[in-house]
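What follows is a short report on a single structure.
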Amino acid sequence: HAHTTPAADHPPHRAPRRPAACPPHLYAAAEQAYRNLCHTASSQAIVVSGVSGAGKTEANKHIMQYLCWRAGQKPASPGKAKVSAELLDVQLSEISRCVLQSSVVFEAFCNACTTNNHNSSRFGKFTRLLIEQDGPVSGAVIDAYLLEKSRVVSQCTGERSFHVFYQLLADQHLSAELKLLVRLKV
């Protein structure tokens, strides 16, 4: 009885299946969604979930960056399998850059300091990347769902309100104007 490796059990054109114990890799999931989109011309979805502080926001940024880069490439070729962060940044279209930079705005308005995470997302986000049939990203539709509206007026001990309030008040000129406006309304 000859010993065979797992790869030998599969035809050469098919990779062995991922063991159930191994979690999916971000880029592998994004690549599979992109290939399915191209092959079936039907919408694809990637759900990023996890406990507080697990890295959902960062994972989403990497997936979006990869999909924006991938949509700008020619059809799949084996030579393009390895991608560096520098290459991703250089080859993005202006629209893709705008889509990716929108995360900064959402984080300012919807992230806050909690006892578990100093940059905790207090919102849910559903992003639809709009990809042309010939490849490039043509835009995005982003629906954000603020989960803690009460945080604006009240926070638990050791927590803060949304970052945007502190960022606005860090500007001395703007802070002085806001204080003046507050005095006039009192």
Side-chain angles (χ1 to χ4, degrees), residues 22-34 36-37 43-72 83 85-86 88-89 92-131 137-186:
C22 295
H25 190 277
L26 294 175
Y27 296 126
E31 178 64 22
Q32 188 61 51
Y34 181 78
N36 289 346
L37 174 69
S43 297
Q44 301 296 304
I46 299 173
V47 176
V48 179
S49 65
V51 298
S52 179
K56 296 177 295 293
T57 300
E58 288 303 311
N60 187 52
K61 287 179 191 176
H62 286 287
I63 290 169
M64 295 274 293
Q65 186 178 35
Y66 181 83
L67 289 171
C68 286
W69 169 81
R70 188 65 177 87
V83 181
E86 295 82 19
L88 286 175
D89 191 45
L92 292 177
S93 69
E94 189 59 31
I95 292 174
S96 293
R97 288 181 204 280
C98 290
V99 168
L100 294 171
Q101 289 171 353
S102 70
S103 292
V104 176
V105 176
F106 281 104
E107 287 180 22
F109 279 91
C110 303
N111 283 17
C113 178
T114 67
T115 55
N116 293 335
N117 183 346
H118 290 292
N119 193 32
S120 182
S121 299
R122 311 318 302 155
F123 70 106
K125 184 167 73 168
F126 181 74
T127 305
R128 285 181 292 268
L129 278 180
L130 307 175
I131 300 175
V137 171
S138 61
V141 177
I142 303 170
D143 297 317
Y145 306 93
L146 193 56
L147 304 175
E148 290 186 345
K149 294 177 184 174
S150 62
R151 184 173 288 278
V152 172
V153 294
S154 175
Q155 302 85 42
C156 294
T157 304
E159 295 191 351
R160 292 174 46 163
S161 188
F162 298 104
H163 294 328
V164 68
F165 296 120
Y166 305 99
Q167 292 167 343
L168 288 172
L169 294 174
D171 182 304
Q172 291 180 349
H173 178 70
L174 181 60
S175 180
E177 286 183 30
L178 290 173
K179 286 178 186 175
L180 177 61
L181 292 174
V182 170
R183 277 191 234 131
L184 292 175
K185 290 183 178 184
V186 173

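Note that these values count all heavy atoms, side chains included, but never hydrogens, waters or copies made by symmetry.
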Point to revise | Residue pair Ile46 / Ala29: nearest heavy atoms and the distance that separates them | key: CD1-O, 4.0 Å
Check your understanding: At their closest point, which heavy atom of Phe123 faces which heavy atom of Cys110, and how far apart are they?
Key -> CD2-CB, 3.0 Å
**Study point:** Option among Val99, Val137, Ile95, Val141 that satisfies the side chain to side chain contact (heavy atoms under 4.5 Å, CB included) test with Leu130
**Key:** Val141
Exercise for review: Under the side chain to side chain contact (heavy atoms under 4.5 Å, CB included) rule, what do Val48 and His62 come out as? Steps first, then yes or no, please.
Suggested key: CA-CA 11 Å; Val48 179; His62 286 287; over 6 Å; no
Review point. Any side-chain heavy atom of Lys125 within less than 4.5 Å of one from Ser103?
Key: yes
Review point. What's the spacing between Gln44 CD and Ile131 CD1 if we round to 0.5 Å?
Key: 10.0 Å
**Study point:** Any side-chain donor near an acceptor of the partner, Tyr66 and Glu31, under 3.5 Å
**Key:** yes
Review point. Any chance CZ of Phe109 has more than 12 other-residue heavy atoms, nucleotides or ligands included, within less than 6.0 Å?
Key: no
Revision key, fill the gap. In short, Arg151 meets Ala112 closest at the heavy-atom pair CD-CB, 3.4 Å
Point to revise | Partners passing side chain to side chain donor-acceptor pair (under 3.5 Å) against Thr57 (at least two apart in sequence or in another chain) | key: Ser121
Check your understanding: Donor-acceptor pair, Arg122 side chain versus Leu146 backbone, under 3.5 Å?
Key -> no
Review point. Roughly how far, to the nearest 0.5 Å, is the OG atom of Ser120 from the NZ atom of Lys56?
Key: 7.5 Å
Practice item. Taking all non-hydrogen atoms of both residues into account, name the closest pair between Tyr166 and Phe162 and its distance. Key: CD1-O, 3.5 Å
Check your understanding: Would you say the side-chain atoms of Gln65 pair up with the backbone N or O of Lys61, donor to acceptor, closer than 3.5 Å?
Key -> no
**Study point:** Full working for side chain to side chain contact (heavy atoms under 4.5 Å, CB included) between Glu159 and Thr115
**Key:** CA-CA 6 Å; Glu159 295 191 351; Thr115 55; 3.7 Å; yes
Exercise for review: Output the distance between atom CD (Glu107) and atom CG (Asn119), rounded to the nearest 0.5 Å.
Suggested key: 5.5 Å
Review point. Given the rule in the side chain to side chain contact (heavy atoms under 4.5 Å, CB included) test, do Cys113 and His118 qualify, once you have shown the distances and angles that lead to the verdict?
Key: CA-CA 4 Å; Cys113 178; His118 290 292; 3.2 Å; yes
